[in-house]
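For reference, the structure is listed below as structure tokens.
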2 protein chains.
Amino acid sequence: MATKVLPQPERDEIRVEAVLQALGEPVRLTIVRALADNPAGVCCGEIELPVTASTRAHHLKTLREAGVLSTHTDGTRRISMLRREDLEALYPGLLTGILSAKQ
Amino acid sequence: MATKVLPQPERDEIRVEAVLQALGEPVRLTIVRALADNPAGVCCGEIELPVTASTRAHHLKTLREAGVLSTHTDGTRRISMLRREDLEALYPGLLTGILSAKQ
DNA sequence: TCAGTAGTTCGATCGTCATCGTACTACGAT
DNA sequence: ATCGTAGTACGATGACGATCGAACTACTGA
């Protein structure tokens with residue numbers, strides 16, 4: 001096994017500016033929507049995005065460091081999932097508000 | 001009198017990416033918090049901000065064009081207020097979630 | 001052990017945007 | 001009229017960040 005969780009901020013270290021800035025980018029918003037549709041977590045590479053793998057990694061890192069998502073390893077794969085509980089506790093309604101946008 | 005409302009997007013023209021990007025900037029978030037504390041509207045210049053007047057005007061324009069706030073003239077002054085109803089209708093919970101951040 | 005796959009890291013590039021100072025407009029008061 | 005005040009518009013600058021390719025790491029399976 002030896003799954004490992006990648007470094008991320010504790011709940012009380014999450015700053016709303018960082019969260020909003022992370023969410024205010026179209027590619028990252030696409031990622032967040034995909035994660036919201038799959039509460040069990042999604043393998044990074046499975047999300048269809050109009051960018052290369054390195055850019056994808058960059059966005060995932062940004063979202064993780066902002067506290068929006070959590071990533072753990074699973075073999076060579078990395079599974080990401082939304083930090084729903086933490087975000088809901090810190091900013092109740094924010095996530096559902098964003099996700100209810102009819103885009 | 002002759003108060004005039006500055007150009008702004010209709011409710012159905014507001015895009016969530018633009019809103020989040022607008023909110024993901026510390027100075028603009030400060031403005032939004034100040035407006036939230038004064039539902040009757042605030043004169044732009046009354047908000048204490050660590051930037052010059054031209055930068056302030058730039059941020060207010062960004063927020064207005066994103067659909068976050070509405071501005072109308074009042075003599076030489078311009079009164080801004082949050083578009084609470086529109087934002088709540090489009091993204092229910094988003095605004096309250098953001099404002100509940102203990103910053 | 002070796003090849004293949006998933007993903008990251010690094011450095012470079014390029015575009016966007018936050019910031020400022022200056023010049024301008026608009027309105028009110030004297 | 002003209003002066004002062006509130007605010008905008010414009011052009012320049014500098015910083016940040018989105019993007020890419022290439023090199024690298026880590027794990028799996030043959």
Side-chain angles (χ1 to χ4, degrees), chain A residues 1-8 15 17-35 38 41-81, chain B residues 1-8 15 17-35 38 41-81:
Chain A
M1 280 289 92
T3 71
K4 202 190 302 187
V5 176
L6 300 194
Q8 62 180 34
R15 297 164 301 125
E17 295 88 353
V19 171
L20 291 171
Q21 194 171 338
L23 295 174
E25 209 283 333
V27 173
R28 289 197 288 260
L29 197 53
T30 303
I31 294 173
V32 169
R33 289 200 179 103
L35 295 186
N38 297 274
V42 171
C43 173
C44 316
E46 285 168 7
I47 308 173
E48 198 160 343
L49 295 173
V51 295
T52 64
S54 60
T55 302
R56 177 191 310 254
H58 163 67
H59 286 310
L60 285 165
K61 186 180 183 183
T62 301
L63 287 166
R64 179 160 39 85
E65 291 180 344
V68 176
L69 58 79
S70 172
T71 305
H72 68 269
T73 60
D74 173 29
T76 75
R77 309 200 150 191
R78 307 215 166 175
I79 308 297
S80 297
M81 53 186 70
Chain B
M1 281 286 96
T3 72
K4 201 192 301 189
V5 176
L6 300 195
Q8 63 180 34
R15 296 165 299 123
E17 294 89 352
V19 172
L20 291 171
Q21 196 170 338
L23 296 174
E25 208 283 331
V27 174
R28 289 196 287 262
L29 197 53
T30 302
I31 295 173
V32 169
R33 289 200 178 103
L35 296 186
N38 297 276
V42 171
C43 174
C44 316
E46 286 168 6
I47 308 173
E48 196 161 345
L49 294 174
V51 294
T52 64
S54 61
T55 302
R56 179 192 308 259
H58 163 68
H59 285 309
L60 285 164
K61 186 179 182 185
T62 301
L63 286 166
R64 178 160 40 82
E65 291 179 345
V68 175
L69 57 81
S70 171
T71 305
H72 68 270
T73 61
D74 172 30
T76 76
R77 309 201 151 194
R78 308 214 165 175
I79 308 296
S80 297
M81 54 185 70

(request) Measure from NZ on B:K61 to P on D:dA6 and round the result to the nearest Å. (result) 22 Å

(request) Compare side-chain N and O positions of A:T55 against OP1 and OP2 of D:dC20 and report whether any pair is under 4.0 Å apart. (result) yes

(request) Establish, with yes or no, whether the OP1 or OP2 oxygen of D:dG17 is under 4.0 angstrom from a side-chain nitrogen or oxygen of A:Q21. (result) yes

(request) Ignoring backbone atoms, establish whether A:T52 has a side-chain N or O less than 4.0 Å from OP1 or OP2 of D:dC20. (result) yes

(request) Rounded off to whole Å, could you give me the CZ-to-P distance for the A:R77 and D:dT25 pair? (result) 22 Å

(request) To the nearest Å, give me how far apart CZ (A:R64) and C1' (C:dG7) are. (result) 11 Å

(message) Do B:E46 and B:R77 have side chains that approach each other closer than 4.5 Å (heavy atoms only, starting at C-beta)?
(response) yes

(request) Consider the side chain of A:S54, meaning its heavy atoms from C-beta on, and name the nucleotide among C:dA18, C:dC20, C:dT9 that approaches it most closely. (result) C:dT9

(message) What's the closest nucleotide to the side chain of B:C43 if the choices are C:dT9, D:dG7, D:dT19?
(response) D:dG7

(message) Taking the side chain as everything from C-beta on, heavy atoms only, tell me whether A:V32 gets closer than 4.5 Å to A:L69.
(response) no

(request) Report yes or no: is there a donor-acceptor pair, N or O only, under 3.5 Å between the side chain of B:T76 and the base of D:dG7? (result) no

(message) For the OG1 atom of B:T71 and the NZ atom of B:K4, what is their distance to the nearest 0.5 Å?
(response) 13.5 Å

(request) Quick one: pull up NE2 in B:H72 and CD in B:Q8 and give me the separation to the nearest 0.5 Å. (result) 11.5 Å

(message) Is A:H59 close enough to D:dT19 that one of its side-chain N or O atoms is under 4.0 Å from OP1 or OP2 there?
(response) yes

(request) To the nearest Å, give me how far apart NE2 (A:H58) and C1' (D:dT19) are. (result) 8 Å

(request) Find the distance A:K4:NZ to D:dT25:C1' and express it as a whole number of Å. (result) 12 Å

(message) Nearest whole Å is fine: how far is C:dA18 P from B:I31 CD1?
(response) 11 Å

(request) Return the value, rounded to whole Å, for the distance between atom CG of B:L20 and atom C1' of C:dC17. (result) 17 Å

(message) It should be established whether A:R28 places a side-chain nitrogen or oxygen under 4.0 Å from OP1 or OP2 of nucleotide D:dA18.
(response) yes

(message) A side-chain contact here means heavy atoms from C-beta on lying under 4.5 Å apart; do A:R64 and A:L60 qualify?
(response) no

(message) Quick check on DNA chain D: between A:V51 and A:R78, whose nearest nucleotide comes earlier from the 5' end?
(response) A:V51

(request) Could you tell me the separation between the CD atom of B:E65 and the C1' atom of C:dA18, rounded to a whole number of Å? (result) 15 Å

